[in-house]
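Here is the structure we will look at.
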Amino acid sequence: MLEAWRWYGPADPVPLPYIQQAGATEIVSALHHVPAGKVWTDAEIEKHQAHVAQFSHPEAPLRWSVVESVPVSDAIKVGSAEADAHIAAYKDTLRNLAKAGIKTICYNFMPLLDWTRTDLDFALANGAKALRFDATAFAAFDLFILKRDGAADDYDSDRIEAAEAYFQSLSPDEAEAISLNIVAGLPGGTSGGHTLESFKTQLAQYKGITSAHLFDHFVSFLREVIPVAEELGMRMAVHPDDPPRPLLGLPRIVSTAADLEALFKAVPGKANGLTFCTGSFGVRADNDLVEMAKTYAERIYFAHLRGTVREQDTESFYEGNHLQSDVNMPGVITQLLNEEVRRKQAGFADFAEIPFRPDHGHQMLDDLDKQGVNAGYTAIGRLKGLAELRGVIAALDHSRSIGAR
């Protein structure tokens, strides 16, 4: 498997030389300054690629090999009048990336919000900090801060009562912090740093959009894009919903094995693939991650390996250690390694090895004292995760080699 690391560009607090020291070779990055619906030009792609290349060394190579993400605009997701123009721009972006030799594209089809958390510095028992999603805090935001029309219909009476008590306990600063965490945009998101009022305006465009509507728009998008990706020798790898359930009245359509079955049946082209995110899928107890990795192995072109821990309130969770969570990480990695063997035996020229990155590391050690860090993307927590995952892979490879003797 190929060790990868997410990098947010020259302003990232974790610079490329640090990534080299961690041992990763594959840079996962994007042109975050280009708005959704616009073309990534050759010049902008080459500039970003050249910045990575200047730090590469034969004994410590770095290459921008995975895009995360080429964002899909809300116009495409709601099927507005701008959708066709945005899809055309998306295809042009793929063509320009392919010319630069970048052929693995991670993206998502989550409405309005990408990954969502209520707490960016949840204190763990050992003193480190983690990302957390508190379902009651989120309901309090929805019901009493955002005051979304019809929000009460989405919660049972116990959740509403708990949310109201939670809201009443908040100071003004605490209420503002939760709002910012949800609507202002998290690292790598495409929400655009909304204010509460602009967020309401953007949310309104999804009025009346059901799961069936969103799925139809997704399929329409893929039927345009996947043939282009196939022609270019690229692979599109959709990231699952995070969290994998409806939020703010918005549907979610990439959350379960049944969702994946419907997706790949509707658009069967081999370029229509998956980013297997163990944390996103693992939040749901009804997702059997090992079985899903086995069933959809040939569609997995990228992996986010992270551990999530479901709380007593099963709709709440926090980011756990990579090897100590509700995720059977060795079991998932076994399936990914099996798939790599299959691809190599089948003579794959490209995509034989699956890039993976440690995701949502804890803020720990002297990263706790640093200002301006990206929540979930500090250096030391991800370094710890990468080392643990590297150890699992080495142990499984060793065991496989012994068994083959």
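Side-chain contact check for Phe351 versus Lys103: some heavy-atom pair is nearer than 4.5 Å. In this structure, the side chains of Ile354 and Arg343 come closer than 4.5 Å at one or more pairs of heavy atoms. Side chains of Gln49 and Arg63 form no contact here, defined as non-hydrogen atoms less than 4.5 Å apart.
Paired with Trp115 under the rule ring-ring contact (aromatic ring centres under 6.0 Å, His included), one option of His304, His239, His360 passes, and it is His360. Applying the side chain to side chain contact (heavy atoms under 4.5 Å, CB included) test between Thr334 and each of Val332, Leu337, Asn338 identifies Asn338 as the sole match. Put simply, the residue from Arg6, His51, His48 that forms a side chain to side chain donor-acceptor pair (under 3.5 Å) with Ser29 is His48.
Within 6.0 Å of the NZ atom in Lys384, the count of heavy atoms belonging to other residues, nucleotides or ligands exceeds 12. The local environment of CD in Glu231 is sparse, with at most 12 non-hydrogen atoms from other residues, nucleotides or ligands closer than 6.0 Å. Enclosure of atom NZ in Lys91 by more than 12 non-hydrogen atoms of other residues, nucleotides or ligands within 6.0 angstrom is indicated. Counting non-hydrogen atoms of neighbouring residues, nucleotides and ligands closer than 6.0 angstrom, the OH atom of Tyr18 reaches no more than 12 such neighbours.
Salt-bridge annotation for Lys270 and Glu298: present, with a side-chain N of the basic residue lying under 4.0 Å from a carboxylate O of the acidic one. With respect to the salt-bridge test (charged N to carboxylate O, under 4.0 angstrom), the residues Glu311 and Arg132 qualify. Between Glu339 and Arg342 there is a salt bridge, since at least one side-chain N of the basic residue sits less than 4.0 Å from a carboxylate O of the acidic one. The existence of a salt bridge linking Arg382 and Asp367 is excluded, since no basic side-chain nitrogen approaches an acidic carboxylate oxygen closer than 4.0 Å. No salt bridge links Asp156 with Arg159; every basic N to acidic carboxylate O contact stays at or beyond 4.0 Å. With respect to Arg357 and Glu3, no salt bridge is recorded, no charged nitrogen being found less than 4.0 Å from a carboxylate O.
Stacking of Arg117 on the aromatic ring of Phe133 is not recorded, the 6.0 Å distance cut-off and the 45° axial limit not both being met.
Atom CD1 of Ile19 is separated from atom CG of Leu383 by 11.5 Å, given to the nearest 0.5 angstrom. Annotation: the span from Met292 atom CE to Arg299 atom CZ amounts to 14.0 Å, rounded to 0.5 Å. Going from atom OG1 of Thr275 over to atom CG of Asn108 covers 9.5 Å, rounded to the nearest 0.5 Å. Between the CG atom in Leu222 and the CZ atom in Phe218 there is a gap of 4.5 Å [rounded to 0.5 Å]. Rounded to the nearest 0.5 angstrom, Phe141 CZ and Leu196 CG are separated by 5.5 Å. Rounded to the nearest 0.5 angstrom, Leu248 CG and Leu146 CG are separated by 6.5 Å.
Using a distance-only test at 3.5 Å, with no hydrogens or angles considered, a donor-acceptor pair links the side chain of Asn328 to the main chain of Gly331. Judged purely by atom type and a 3.5 angstrom limit, Trp40 has no side-chain atom pairing as donor or acceptor with the backbone of Asp42. With hydrogens and angles disregarded, no donor-acceptor distance shorter than 3.5 Å links the side chain of Asp74 to the backbone of Pro111.
Arg306 and Asn321 share no side-chain donor-acceptor pair at under 3.5 Å.
Side-chain rings of Phe302 and Phe356 stay apart, their centers remaining 6.0 Å or farther from each other. Between Tyr296 and Phe276, a ring centre-to-centre spacing not shorter than 6.0 Å is recorded.
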